[in-house]
Number of protein chains: 2
Amino acid sequence: MSKTTHREDHLKALYALGHSGDSESEWVSTNQMATHLGVKPPSVTAMVHVLTELGWAEHRPYHGARLTPAGEKLALALVRKHRLWETFLVERLGFEWDEVHDIAEQLEHVDSVALVERLDQYLGHPDVDPHGDPIPKADGTFRNMEGVMPLSELGEFECAVVMGVKANDQTLSAMRDRGLGLGSKLTKNDLVTLPQAWLPQLMVKTS
Amino acid sequence: MSKTTHREDHLKALYALGHSGDSESEWVSTNQMATHLGVKPPSVTAMVHVLTELGWAEHRPYHGARLTPAGEKLALALVRKHRLWETFLVERLGFEWDEVHDIAEQLEHVDSVALVERLDQYLGHPDVDPHGDPIPKADGTFRNMEGVMPLSELGEFECAVVMGVKANDQTLSAMRDRGLGLGSKLTKNDLVTLPQAWLPQLMVKTS
DNA sequence: GGTCAACTTTAGCCAAGACTAAAAAAAAGT
DNA sequence: ACTTTTTTTTAGTCTTGGCTAAAGTTGACC
Ligand SMILES: [Mn+2]
Ligand SMILES: [Mn+2]
Ligand SMILES: [Mn+2]
Ligand SMILES: [Mn+2]
């Protein structure tokens, strides 16, 4: 990878791991980063030092790292590109939702502001990507996602609609085989029928 | 750049420089490669050794390098990707023909066979890119381009049609300002009116 | 054929990012 | 509180692809 691509992957990892909860940006441990990126901890320490030097992250030794506001802005731009490309691949090229992540992982590093903005326009300024994840706008704002929660945390309900899904490609493929997709309607009965592992992965809204 | 991207750029350079004439693949000098790629000659020598080791090029020291059949196949796949992306950028995203080369230079390195084939289908299997250059098919065959020659080599003619153009972005932009594009009709008068430097760059066919 | 200029390769160095092994710090257990 | 385990950092090495400077080769020109 280019120097830039490398830094971008670490920024994205910091962003993804720091926002896994609903709370503010959390401190992310070196081990978490290493696991997420598929490298060894010393490599992460080195890159965190670089990001700190660039003003994109701050580092408390033996405690963790997190993005600065500047780093967060860059990370959001990457997430925006990733999700726009995924949308293009599914909406225009006819890929399935379990086939696009790895390709978007490469496309997100193409450097051209004009390209991102034209792509966004071409796709009609979509709000969410094929997995129901919100696409940040150019200014970094998000679509409001309130009322959406994991199926596992839903209490009493009559009917729920799938608004998104947090799963790897293999699980996404299996869900597709069962006819699950964005907009699918679920009933109480599905709580028992579906694989239990999927319940926290299916993001739903009552209807 | 990634290891792969680097090798690919050298393969493309060998291809481009080795096919500049109409003849078979020619030996390409180290200096030519270095100039083309914007690096110093020793760097080229090193990469040529790597490509030779991989069976993609052959090297006659102090004489030059050229692609093997295996290397040529890989180079053609890259040219295919580059030109398909350029076509997408112009036809679908509305870029001008002088804005797409640098972006395609990045997109061509995205690694996914399925992506290239779906893109080709999405674009309706185009024969030529926005600059009139033929797009190799998946099997490596080309559209026949006979009858096309530089305007400077055209003898007597009544009317010629622009079939392609060999120019950098700056020149392409200037041509666009003059209303020139693929399909533009030229008359004898243009031989005097147009900038003389453009005559060998405008590929035309008599009509 | 000898000389010289141009080109190419080799030799040796640097930067970036990976790794392993060892040291240091923090957390956990008793 | 003291020991032990886990996590993180540092130290040192490897790979890849840049570079400059020096040496080698080719070929052109007398
Ligand atoms: Mn990536
Ligand atoms: Mn997604
Ligand atoms: Mn390229
Ligand atoms: Mn082109």
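Proteins come first, then strands; the chains are lettered A, B, ... in the order of their sequence lines, and each starts at number 1.
When each of His59(A), Glu58(A), Glu72(A) is checked for a side chain to side chain donor-acceptor pair (under 3.5 Å) with Arg66(A), only Glu58(A) meets the rule. Partner Asp127(A) forms a salt bridge (Lys or Arg N to Asp or Glu O under 4.0 Å) with one of Lys137(A), Arg83(A), Arg80(A) and no other, that one being Lys137(A).
The six-membered or imidazole ring of His131(A) lies away from that of His101(A), with a centre-to-centre distance of 6.0 Å or more.
The interatomic distance linking Met33(A) (CE) with dT8(D) (C1') rounds to 13 Å, in whole Å. The separation between Lys3(A) atom NZ and dT15(D) atom P is 23 Å, rounded to whole Å. As rounded to whole Å, 10 Å separates atom P of dT8(C) from atom OH of Tyr62(B). The distance between atom NE2 of His10(B) and atom P of dT16(D), rounded to the nearest whole Å, is 15 Å. Rounded to whole Å, atom C1' of dC7(C) lies 17 Å from atom CH2 of Trp27(B). Regarding Met1(B), its CE atom lies at a distance of 16 Å from the P atom of dA16(C), rounded to whole Å. Whole-Å rounding puts the Glu8(A) CD to dG17(C) C1' distance at 16 Å. Atom C1' of nucleotide dC7(C) and atom NE2 of His63(B) are separated by 13 Å, given to the nearest angstrom.
Both tests hold for Arg60(A) against Trp27(A): distance to the six-membered ring centre under 6.0 Å, angle to the ring axis within 45°.
Phosphate proximity of dT6(D) to Asn31(A): absent, as no side-chain N or O sits under 4.0 Å from OP1 or OP2. Between Ser29(B) and dC7(C) there is no side-chain polar atom (N or O) within less than 4.0 angstrom of OP1 or OP2. Contact check, His59(B) against dT9(C): a side-chain N or O comes under 4.0 Å of OP1 or OP2.
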Pair Glu105(B), Lys12(B) - check salt bridge (Lys or Arg N to Asp or Glu O under 4.0 Å), show working.
CA-CA 11 Å; Glu105(B) 200 64 38; Lys12(B) 265 210 336 173; 2.9 Å; yes
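Against DNA chain D, the stretch residues 40-51 of chain B makes heavy-atom approaches under 4.0 Å through Lys40(B), Pro42(B), Ser43(B), Met47(B).
Mapping Val39(A) and Gln32(B) onto DNA chain C by nearest heavy atom places Gln32(B) at the nucleotide closer to the 5' end.
Between Phe88(B) and Tyr122(A), the two ring planes are perpendicular [angle over 60°; tilted spans 30° to 60°].
No donor-acceptor contact under 3.5 angstrom links the side chains of His125(B) and Gln121(B), judged on distance only.
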